[in-house]
> 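First the structure, which I've put down as structure tokens, then a few questions once you've had a look.
None of these values were measured; they are calculated from a predicted model.
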Amino acid sequence: MAETNAHATGGGHSHPYHLVDPSPWPLLGAFSGGLLAVGAILFMHGSGWLLLALGFVAVLAVMAGWWRDVLKEAVRQKAHTPVVKLGLRYGMALFIASEVMFFAAFFWAFFDASLFPKEAIGGVWPPQNIETFNAFHLPLMMTLILLLSGTTVTWAHHAIIEGDRRTASVALGLTVLLGVLFSGFQIYEYTHAHFGFTDGIYPSTFFMATGFHGFHVIIGTIFLAVCWWRTVAGHFTPKSHFGFEAAAWYWHFVDVVWLFLFVSIYWWGA
């Protein structure tokens, strides 16, 4: 299909902004996110996994459809002008800031419970009936995996800037594999935990914080996988690759949050 530039001379626009077409994805995304959240809550209360699986599939479908439309705007319509890209940068930065607030709430709950242990858990932290993970076994390996993935995504960024598409593809592919590996180790860790989600304040804060982070790793891995496909397809140029930069920002944010989780929950908190 021939590419059109909506902002070129004769393209129909006299301004550098992009006014998006009416889209179903925000509404469908809200319903899908709600379905996923309700399914996760019911799953954690022992009501089966069907709604959780449906919610996850619905979220994936919305991501695919929404990304398809964004790629159409960027690649075919050339609608992402410099001022539009500036708006995208502000939007991504604010999104990550909102995510920071999520984790701040979880860390607040953890430190409140650990610094001021109540009589209900014996006045000590961790509670006496809790067998915690050794921070320097599996959690340390997971930390090294995420840190390594941070270096490979930076390697990919430098390759894109230098116009080396092949190296960028290899580096991004390694990053995606490391993300999958991290998620696999986290599933293994959860299945070998000596406490359940409802066994008290320690398990609740542990699973809430690390589980929410694990969900971000899955989303970030999918985000990077899309960027890997776009790199192979030649969508990114040395001067225009904000889609990749947004994924890299998100991934580095996930890295930093994990370092705080490792130090505070796995090491100090245990």
> Counting only heavy atoms not in Y190, do more than 12 fall under 6.0 Å of its OH?
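For Y190, atom OH is crowded (more than 12 foreign heavy atoms under 6.0 Å).
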
> Taking the six-membered ring for Trp, are the ring centroids of F207 and F212 within less than 6.0 Å of each other?
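Here the rings of F212 and F207 have centres that are no less than 6.0 Å from each other.
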
> Crowded around M141 CE? As in, over 12 foreign heavy atoms under 6.0 Å?
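It does not: M141 CE has 12 such atoms or fewer within range.
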
> Measure from the ring center of H192 to the ring center of Y188 and say whether it is less than 6.0 Å.
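Ring-ring flag for H192/Y188: true, centres closer than 6.0 Å.
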
> Does any pair with a residue in residues 143-187 pass ring pair (Phe, Tyr, Trp, His ring centres under 6.0 Å), and if so which ones, sequence neighbours excluded?
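Residue pairs with at least one partner in residues 143-187: H157-H241, H157-F244, F182-H213, F182-W258.
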
> What do you reckon, is CH2 of W125 surrounded by more than 12 foreign heavy atoms closer than 6.0 Å?
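Yes, enclosed.
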
> Could you label the plane-to-plane angle of the F107 and F103 rings as parallel, tilted or perpendicular, counting under 30° as parallel and over 60° as perpendicular?
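Tilted: the ring planes of F107 and F103 meet at 30° to 60°.
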
> Look at the rings of W268 and F111 and say which category their plane angle falls in: under 30° parallel, 30 to 60° tilted, over 60° perpendicular.
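Rings of W268 and F111: tilted, as their planes differ by 30° to 60°.
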
> What are the two closest heavy atoms between F195 and P203, and how far apart are they?
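Answer, listing the atom of F195 first, then P203: CD1-CB, 3.7 Å.
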
> Going by atom types only, do Y17 and T81 share a side-chain donor-acceptor pair under 3.5 Å?
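No, because no side-chain N or O of Y17 sits under 3.5 Å from a partner of the opposite role on T81.
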
> Checking ring-ring contact (aromatic ring centres under 6.0 Å, His included) against F242, which of W249, Y90, F236 comes through?
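Result for ring-ring contact (aromatic ring centres under 6.0 Å, His included) with F242: W249.
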
> State, without any angle test, whether S149 and W251 hold a side-chain donor-acceptor pair at a distance under 3.5 Å.
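Yes, because at least one side-chain N or O of S149 sits under 3.5 Å from a partner of the opposite role on W251.
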
> Can you name the side chain to side chain donor-acceptor pair (under 3.5 Å) partners of D112, sequence neighbours left out?
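With neighbours one apart ignored, the set is empty.
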
> Got more than 12 heavy atoms from elsewhere within 6.0 Å of CZ, F197?
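Counting neighbours around CZ of F197, more than 12 heavy atoms of other residues, nucleotides or ligands fall under 6.0 Å, so yes.
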
> Between E245 and R89, does at least one N-O distance fall below 4.0 Å, as a salt bridge requires?
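So E245 pairs with R89 through a salt bridge.
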
> So with a 6.0 Å cut-off around CZ of F136, is the heavy-atom count from everything else above 12?
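Counting neighbours around CZ of F136, more than 12 heavy atoms of other residues, nucleotides or ligands fall under 6.0 Å, so yes.
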
> Backbone N or O of F116 within a donor-acceptor pair of the K118 side chain at under 3.5 Å?
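Answer holds: yes.
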
> When Ile, Leu, Val, Met, Phe, Trp and Tyr are grouped by side-chain heavy atoms lying under 4.5 Å apart, directly or through other members, which residues fall in the same group as L147?
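L259, which link up through side-chain heavy atoms under 4.5 Å apart, make up the rest of the cluster.
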
> Please determine whether side-chain hydrogen bond (donor to acceptor under 3.5 Å, both in side chains) holds for the pair T132 and Y202, giving the CA-CA distance in whole Å, both sets of side-chain angles, and the decisive distance to 0.1 Å.
CA-CA 9 Å; T132 61; Y202 180 89; 5.0 Å; no

